[in-house]
Amino acid sequence: EKDEGKIRIGFSQAMSNDNWRRSMNNSMRLQASLNPKIDLIIKDANYVVATQIEQIESLIADSLDVLIVSPIQSKPVTSVVQKALYAGIPVLVVDRKTESQQYTAYLGADNIEVGRNAAKEIIASNIKDSIRIIEIKGLVGSSPAEERSMGFNQIIDQFKKAQITATIEGNWEKESIQNKFRQLLNDDIKVDYVFAHNDRMAVGAWEVARELGIENEISFIGVDGLAGTNGGIQAVKDGVLKATVLYPTGGDEAIKLALKIFNKEAIPKNNILSTTIINELNADIMNNQFEKINEQQDQMEEQLAAIKKQEELYYSQNNLLKITMAL
Ligand code: FRU
């Protein structure tokens with residue numbers, strides 16, 4: 001049943017049990033709570049494509065105003081996104097894309113640029129005349145994995161001194177790559193640099209190298225650059241990662257864009273978040289910046305909670321007043 005005054009935004013999240021997606025959900029919730037008209041419904045597909053499709057189907061059936069989707073993989077989620085459009089629901093695709101261009105808008109960093117940035121960092125930070133690289137990929141069929149690989153290879157191919165000597169197919173989680181990486185090292189494959197498509201897999205590879213006592217002979221670079229104790233920025237500060245490429249979640253931008261779409265404002269089809277390399281030169285600055293943002297977010301949450309309390313107090317006193325007057 002549709003509550004007329006409300007703006008119903010549904011978000012089909014690929015999964016919610018990693019810090020990157022948790023942080024995305026949090027910033028979406030926070031941004032949504034600034035507008036009392038917004039009802040934000042987050043569905044977590046728990047990394048099962050069939051579940052994601054079902055959840056989108058049920059959101060379509062549920063008189064939604066705007067649908068936000070972060071597809072687990074591109075291809076299988078494409079037709080249900082089209083279905084939403086046909087049902088008259090605008091769709092904002094975030095982080096991972098569907099296969100066709102049939103969506104209202106996309107929001108995310110340019111993943112080809114993410115891959116290029118990683119490659120440029122490797123080339124720039126290495127004085128050796130031969131650089132052997134292992135590339136550790138994200139889930140096959142999810143657009144950031146394809147695009148990061150494409151951008152990375154484009155740059156590496158231009159430099160004779162650099163070669164990708166092996167690639168590992170991961171699924172974004174470190175458990176998916178550790179045995180394969182251990183196998184490569186045991187096979188005595190020579191490696192100077194590891195580029196993993198995200199920080200979780202990069203740190204996972206570093207753990208294996210440390211087990212074998214060779215972590216200082218290899219440089220590791222990842223993607224995401226989350227702030228916080230377990231984040232990529234800290235890993236750079238700790239010297240575990242040589243660098244990471246910032247991949248912002250765009251949670252608050254997603255809600256802002258969804259609102260613009262709801263209000264029928266013109267927005268670009270591609271909304272590109274900026275990315276940058278984080279290495280030992282700027283890790284401290286980046287960390288301080290994100291800490292400040294997080295503090296501000298915490299303050300905002302406290303203020304919102306205080307406002308809510310005031311409202312509740314007001315309503316209960318108002319009710320009391322009504323009852324007293326009725327007596
Ligand atoms: C989070 C994540 C990130 C990665 C992104 C790609 O679930 O695996 O680590 O950058 O998805 O879509």
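Just so you know, these numbers use all the heavy atoms, side chains as well, and skip hydrogens, waters and symmetry mates. Read the numbers this way: they start at 1 and go in the same order the structure lists the ligands and their atoms.
- For ligand 1, the polar-atom distance check against Glu173 finds no nitrogen or oxygen pair separated by under 3.5 Å.
- Between Trp20 and ligand 1, no pair of N/O atoms sits closer than 3.5 Å.
- At a 4.0 Å cut-off, not a single heavy atom of Glu147 sits close enough to ligand 1 to count as contact.
- Near Met15, meaning under 4.0 Å from one of its heavy atoms, ligand 1 places the atoms 7 (O).
- A cation-pi contact, defined as under 6.0 Å to the ring centre and within 45° of the axis, is absent between Arg29 and Phe11.
- Which parts of ligand 1 touch Arg21 is read off a 4.0 Å heavy-atom cut-off, strictly below it: atoms 1 (C), 2 (C), 5 (C), 7 (O), 11 (O), 12 (O).
- Using a cut-off of 4.0 Å between Lys/Arg side-chain N and Asp/Glu carboxylate O, Asp192 and Arg132 are scored as salt-bridged.
- Nearest protein heavy-atom contact of atom 12 (O) of ligand 1 is Arg96 NE, 2.6 Å.
- With respect to atom 8 (O) of ligand 1, the closest heavy atom belonging to the protein is Arg200 NH2, 3.0 Å.
- Because its NZ or CZ atom is not both nearer than 6.0 Å to the ring centre of Phe152 and within 45° of the ring axis, Lys120 does not count as a cation-pi partner of that residue.
- Gly138 does not count as a contact of ligand 1, since none of its heavy atoms falls under 4.0 Å from the ligand.
- Between Glu57 and Lys83, at least one side-chain N (NZ, or NE/NH1/NH2) sits under 4.0 Å from a carboxylate O, which counts as a salt bridge.
- Of the N or O atoms in Asp224, one or more lie within a sub-3.5 Å distance of an N or O in ligand 1.
- In summary, the atoms of ligand 1 found under 4.0 Å from a heavy atom of Trp172, numbered by their order in the structure, are 6 (C), 8 (O).
- Using a 4.0 angstrom heavy-atom cutoff, His197 does not count as in contact with ligand 1.
- Between Lys242 and Ser219, the shortest heavy-atom contact is CD-OG, 3.9 Å.
- At the top of the distance list for atom 6 (C) of ligand 1, counting protein heavy atoms only, stands Asp95 OD1, 3.6 Å.
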Trace of the side chain to side chain contact (heavy atoms under 4.5 Å, CB included) decision for Leu241 with Ile221: CA-CA 6 Å; Leu241 299 184; Ile221 176 165; over 6 Å; no
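- The residues Arg8 and Asp62 are annotated as salt-bridged, a charged nitrogen and a carboxylate oxygen being separated by less than 4.0 angstrom.
- Residue Tyr247 has at least one heavy-atom neighbour below 4.0 Å for each of these atoms of ligand 1: 10 (O).
- Any N or O atom pair closer than 3.5 Å counts here, and Asp18 shares at least one such pair with ligand 1.
- The existence of a salt bridge linking Arg116 and Asp110 is excluded, since no basic side-chain nitrogen approaches an acidic carboxylate oxygen closer than 4.0 Å.
- Classification of Glu147 and Lys97 as a salt-bridged pair holds, one side-chain N sitting under 4.0 Å from a carboxylate O.
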